[in-house]
Protein chains: 2
Amino acid sequence: MTARSTNTGEGSGAQDPHRDIPEATVARLPVYLRALTSLAERNIASCSSEELATAAGVNSAKLRKDLSYLGSYGTRGVGYDVDYLSYQIAREIGVTHDWPVIIVGIGNLGQALANFSGFSSRGFRTVALLDAAEPMQGRTVAGLEVRPFADLAEIVAAEQVSIGVISVPATAAQDVADAMVAAGISSILNFAPAVLNVPPGVDVRKVDLSIELQILAYHESRKAAEADGTVDNGSEEGIRA
Amino acid sequence: MTARSTNTGEGSGAQDPHRDIPEATVARLPVYLRALTSLAERNIASCSSEELATAAGVNSAKLRKDLSYLGSYGTRGVGYDVDYLSYQIAREIGVTHDWPVIIVGIGNLGQALANFSGFSSRGFRTVALLDAAEPMQGRTVAGLEVRPFADLAEIVAAEQVSIGVISVPATAAQDVADAMVAAGISSILNFAPAVLNVPPGVDVRKVDLSIELQILAYHESRKAAEADGTVDNGSEEGIRA
DNA sequence: CGGAGTTTGTGACCGCGAGAACAAACTCGC
DNA sequence: GCGAGTTTGTTCTCGCGGTCACAAACTCCG
């Protein structure tokens, strides 16, 4: 899904102990980080891979392998130091400092995102809210004034923003994405139900609510069909827990 | 692959119940369905795999392979009939009829979800909004009255709800999930940043906003490091005690 | 100091999924 | 009717990712 060009030949001769972390691992690191934060809040200083894996909802072998891509930050026979590992993961992800983020489209969803505390508490800082609709402009949402969409480039340049969130209707999403890219944004989180076309080097991640529901509906249909009559296997056939 | 069904009994009505569609394909079917809907709205009656793949943002070979799991609904040398294929995909997903959905947690995000038109237009119908907080109860959001959380089981039973959406704070998510499962819900869409523990047979999909942002941040860090030329890995001086 | 117990880190294996290439099947023009 | 052109459906291959199992390394205790 990432539109990232995989070139980056880059000498790579560097004897870094760890470059090129698998994408699947990258997607799990934030989960580990959150689990570690939760442990730290309960004043737990160290934990085993088994404990952390349980807290993160994954297999312990997978967790150890994931962490091994970052380096050897555990101690055999003991486990992992919570604070130390937290820092290492945060450093690897790049959230040891806050990233400025702008949100375009301050409708229902945009307002919810602006008010979402999880952003500010996990390495991100919302620096501006933008909307093209006149009635929204000037209003204050989550302590920030809603500014005109036309100010996009100016804000991005002034605040060194590289991450943008799109929460506009699907029909406007591509235009917003184009403007973001033109302004210098290179990572986009897209909530609009539309396929975005972006140049190489720009990352796009999409969050599509109705797609998630439809995937659930598919499995739900199968469950219903199975419960009805067509009992193929009878055994648990548990679909993941 | 044996398209010939080995019968499995049940030949009534249903066209061709192929089993075992790969999970990756299931996740893309809704995207295809949306692209087809978009084409239909532009009065396009048929399309090639290449056109549809472009509209969906995927490779045409992958698209053809995905569709082949459903059956042979295209015509060689011609392409796919938009309406016919739309119906077949919708049938396979199970969204030819609407699914009742309940939303628990009517905060900022919950309200945005309740107002989200994409739900109602794509095979889902929000039948109830629930919140444990007194001040919310009785208020009307998106045309629905917010009801007490305690009514969960009653509503689920009355409306035959099998899909639930969780948009409560992380600390309450597990309790809500437990109550949903106890009430008979077997598919959960979780927006709370927490790992849910559910029994086998219950599907959970999670949407985690800060995780998505952190994944973007990771790639963004790499881009920045690459542009700098500085690898900046080691020598970070462990903080270890 | 050494052995037992514990836990990490990693090598091996296997299955799913992505992509390319090609055969099958349909339409169109003559 | 038949060949040329087009597009689907499928086969093959390859690499990523998940899981298992085990050696390495650390602690604890006698």
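In what follows, every chain begins at residue 1, and chains take the letters A, B, ... in the order their sequences are listed.
Per the geometry, CG belonging to B/Leu70 stands 14 Å off C1' belonging to D/dT8, to the nearest Å. Rounded to an integer number of Å, the gap from B/Leu52 CG to D/dG9 C1' is 15 Å.
Using cut-offs of 30° and 60° on the angle between ring planes, the pair A/Phe116 and A/Phe119 is perpendicular.
Side-chain contact between A/Ser162 and A/Ser186: present, with at least one pair of heavy atoms (C-beta onward) separated by less than 4.5 Å. Between B/Leu33 and B/Leu85 the shortest side-chain heavy-atom distance does not fall below 4.5 Å. Here the side chains of A/Ile185 and A/Val161 are in contact, with some heavy-atom distance below 4.5 Å.
Between B/Ser68 and B/Asp66, the side chains place no donor N or O within less than 3.5 Å of an acceptor N or O (distance only, hydrogens not considered).
Residues passing the side chain to side chain contact (heavy atoms under 4.5 Å, CB included) test with B/Ala35 are B/Leu52, B/Ala55, B/Ala56, sequence neighbours excluded.
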Please list, for nucleotides 6-10 of chain C, all pairs of protein and nucleotide N/O atoms separated by less than 3.5 Å.
| residue | atom | partner | partner atom | Å |
| --- | --- | --- | --- | --- |
| C/dT7 | O4' | A/Gly77 | N | 3.2 |
| C/dT7 | O2 | A/Gly77 | N | 3.3 |
| C/dT8 | OP1 | A/Ser49 | N | 2.4 |
| C/dT8 | OP2 | A/Ser49 | OG | 2.5 |
| C/dG9 | OP1 | A/Tyr73 | N | 3.4 |
| C/dG9 | OP1 | A/Gly74 | N | 3.0 |
| C/dG9 | OP2 | A/Tyr80 | OH | 2.5 |
| C/dG9 | O4' | A/Arg76 | NH2 | 3.0 |
| C/dG9 | N7 | A/Arg64 | NE | 3.0 |
| C/dG9 | O6 | A/Arg64 | NH2 | 3.2 |

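Taking 4.0 angstrom as the limit, B/Asn59 places none of its side-chain polar atoms (N or O) nearer than this to OP1 or OP2 of C/dG17.
Of the residues in residues 27-46 of chain A, A/Arg28 come within less than 4.0 Å of DNA chain D through at least one heavy atom, sorted by number.
Less than 6.0 angstrom separates the ring centroid of A/Tyr84 from the ring centroid of A/Tyr73.
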* Asked: Passes side-chain hydrogen bond (donor to acceptor under 3.5 Å, both in side chains), A/Thr96 versus A/Arg91? Steps please.
  -> CA-CA 6 Å; A/Thr96 46; A/Arg91 186 174 60 83; over 6 Å; no
